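Written below as structure tokens is the structure these notes are about.
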Amino acid sequence: MTAFNYPDIFDVAVIGAGHAGCEAALSAARLGAKTLLLTQDLDTIAAMSCNPSIGGVGKGQLVREIDALGGEMAKIADLSMLCGHMLNTSKGAAVRSPRAQCDKKMYQLAMKQVLERQPGLLIVQGEAASILTRAGRVAGVMTVRHTRYRAKTVIITAGTFLRGIIHVGLDSFPGGRYNHPPSSHLSASLKELGFKLGRLKTGTPMRLNGRSIDFSKCERQDADSPPAPFSHFTGGIKNPQLPCWLTRTTAKTAAVIRAGLHNSPLYSGKIKSIGPRYCPSIEDKVVKFPHHGEHHLFLEPEGFNTAEYYVNGLSTSLPEETQAEIVRSVPGLEKAEIMRAAYAIEYDYSDPGQLDYTLETRLVPGLFTAGQVNGTTGYEEAAAQGLIAGINAARWALGGGQLILRRDEAYIGVMIDDLVSKGVDEPYRIFTSRAEYRLLLRADNADLRLAPHGFALGLLDPALKENFEAYRGAVEEHKSDKRPARALGRGPWTTENARVEAAIEKTYAIYIERNRKQAERMKKFEGLRIPADLNYSGLKALPNEARHKLEKNRPLTLAQAGRLPGVTPADIQLLWVLLEQRRKARE
């Protein structure tokens with residue numbers, strides 16, 4: 001069949017309209033790039049395929065950072081919030097993180113409306129079949145309908161759809177999520193371009209009819225009063241808040257699971273890829289932690305206008321009849337009706353070690369990837385990558401410097417550096433423990449860290465800049481116990497917020513300063529790039545383990561090399577000396 005050339009040429013084409021794709025398309029269009037968003041189904045834009053929640057430990061910090069840079073996720077989460085909490089309030093400020101259940105349809109439709117109203121953005125329903133290149137550079141996208149969309153840059157945000165296979169018991173069938181077809185062609189195109197692909201696995205629990213749950217046997221968990229907004233620009237949460245509920249598995253639950261393991265795709269060998277270690281299936285919990293007599297299950301509402309409840313903690317791929325037995329063994333769920341069965345899904349991902357810090361691929365200039373296709377899991381991780389990829393693709397197409405965030409500057413920087421330098425062997429999730437400078441990267445100071453980037457890029461309203469600068473000054477004055485020189489006007493940055501922020505900074509001043517000094521010492525290594533053609537096997541002075549790790553991961557800088565497991569500070573010092581000798585020999 002003859003291909004049809006779409007008449008326009010785009011600056012940025014985004015494949016996929018999940019959380020990564022939405023942020024990528026919006027940021028690119030807002031920077032003035034002529035942008036295409038290509039999605040298999042317009043009705044599933046920004047769908048919350050798993051838990052309709054936003055935030056969590058580390059994840060909440062990501063959402064605040066997205067917001068400070070001019071992204072959209074935090075605003076939509078506030079608009080659709082139905083049960084909001086600040087986690088770890090009894091602990092230090094570094095690990096306090098916002099989290100909220102959201103109305104999944106309200107979130108989805110609100111994000112879709114923002115996309116549809118965005119100038120410079122064309123949204124098209126269609127499936128990408130292949131990446132087009134010309135002279136080694138990206139040139140656009142070909143769809144399965146043989147429509148050619150020409151573009152200067154392309155961002156792949158395919159989620160779990162690349163050759164997705166769904167497992168329920170020993171039954172398997174193609175799918176990107178339940179009842180939605182996979183992307184069957186794009187993986188082959190990436191392999192033809194030389195990309196190294198792997199397989200990962202994730203899963204989701206069943207959804208229950210709330211009308212059939214006996215909540216009197218569960219523990220009620222109310223939202224904070226009032227719940228804190230995610231966005232710096234939300235005045236307050238207007239929605240009424242609904243409770244979540246806590247129950248627990250029993251010895252009978254464990255017995256049902258053990259009896260059904262022969263029908264588990266995980267334990268029968270049918271699923272061969274690796275799932276997220278921090279979010280194991282209920283089968284894994286029972287088998288690997290037999291000493292635990294019970295496991296917590298959180299019953300979380302999926303919306304204001306639906307009876308569906310998400311059973312957090314009961315992810316499984318056991319057969320539906322076994323799922324029904326499991327549910328009936330739990331207090332409060334004895335008569336619960338399963339509305340949607342739980343399932344596992346395997347899918348292709350692209351090794352993130354093939355990326356630069358901008359999320360541009362090293363193999364094909366102008367081609368970017370973001371989200372689960374990079375081996376991550378979670379809406380927040382995907383959205384953060386999408387935002388960065390959209391910014392950098394737009395600036396690549398239009399001209400301008402790239403945005404690269406450091407590890408001491410943002411959790412986004414931590415995540416991207418982890419992906420690029422270490423790769424993944426399981427779905428990657430952000431945690432506060434991944435950040436060595438987490439006292440610098442608090443949820444409360446995301447604006448102070450990243451709003452200057454947002455203003456410089458043009459993604460934040462310039463009318464707000466004067467108030468932001470006044471707020472930043474007020475924080476410093478409060479830290480010095482001085483009265484602010486000027487009053488703060490209306491907007492997201494208030495006198496009270498400045499006072500609270502200054503109090504946090506003063507409380508942890510010694511430790512914050514220690515983090516800053518550590519970060520300054522590491523900056524010199526961030527700027528020292530390792531030649532791409534360096535032959536590590538020839539560096540006999542380095543220990544064998546260090547040579548092996550460096551050869552496998554091919555770090556871009558000395559700082560990146562220093563974060564590889566198995567590479568010691570002494571190895572880095574020696575590598576630095578060897579690189580200096582190499583440089584001088586060439587001069």
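Worth knowing before you read on, the calculation uses all heavy atoms, side chains too, and leaves out hydrogens, waters and symmetry mates. Treat the numbers as computed from the prediction; the structure is a model and nothing was measured.
Distance CZ/R340 to OG1/T204: 10.0 Å, rounded to 0.5 Å. In this structure, S97 OG and L62 CG are separated by 9.5 Å, a value rounded to the nearest 0.5 Å. Residue E116 holds its CD atom at 10.5 Å from CG of L37, rounded to the nearest 0.5 Å. Note that CD of Q385 and CD1 of I412 are 9.5 Å apart. Values are rounded to the nearest 0.5 Å. A distance of 10.0 Å separates CG in L564 from NZ in K552, rounded to the nearest 0.5 Å.
No side-chain donor-acceptor contact under 3.5 Å links E300 and S53. Side-chain atoms of D78 and S231 form no donor-acceptor pair, as typed in the model, at a separation below 3.5 Å. In this structure, a donor-acceptor pair under 3.5 Å is absent between the side chains of T306 and K105. For the residue pair R177 / S49, a side-chain donor-acceptor distance below 3.5 Å is found, with atom types taken as modelled.
Side-chain N or O atoms of D103 include none that pairs as donor or acceptor with a backbone N or O of S80 at under 3.5 Å. In this structure a side-chain-to-backbone donor-acceptor pair under 3.5 Å is present from Y379 to N51. Side chain of N392 to main chain of L403: a donor-acceptor pair is present (N/O by atom type, distance under 3.5 Å, no hydrogens or angles). Without hydrogens or angle criteria, E346 side chain to I271 main chain gives no donor-acceptor distance under 3.5 Å.
Here the side chains of E302 and R207 are in contact, with some heavy-atom distance below 4.5 Å.
Aromatic ring orientation, Y178 versus F173: perpendicular (interplanar angle above 60°, classes split at 30° and 60°).
Using a 4.0 Å cut-off between charged nitrogen and carboxylate oxygen, K152 and D11 count as a salt-bridge pair.
Other residues, nucleotides and ligands contribute only 12 or fewer heavy atoms inside 6.0 Å of the CZ atom of R137. Heavy atoms from other residues, nucleotides or ligands lying under 6.0 Å from CZ of R150 number more than 12.
Looking at every heavy atom in both residues, S187 comes nearest to L197 through O-CD1, 3.6 Å. Scanning all heavy atoms of the two residues, the minimum distance from T361 to V364 falls at OG1-O, 3.0 Å.
With respect to I155, the side-chain contact (heavy atoms from CB on, under 4.5 Å) criterion is satisfied by exactly one of I15, V14, T35, V138: V14.
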**Asked** Under the side-chain contact (heavy atoms from CB on, under 4.5 Å) criterion, do Q402 and R395 qualify, and how do the steps go?
**Response** CA-CA 7 Å; Q402 304 285 276; R395 291 173 76 84; 3.8 Å; yes
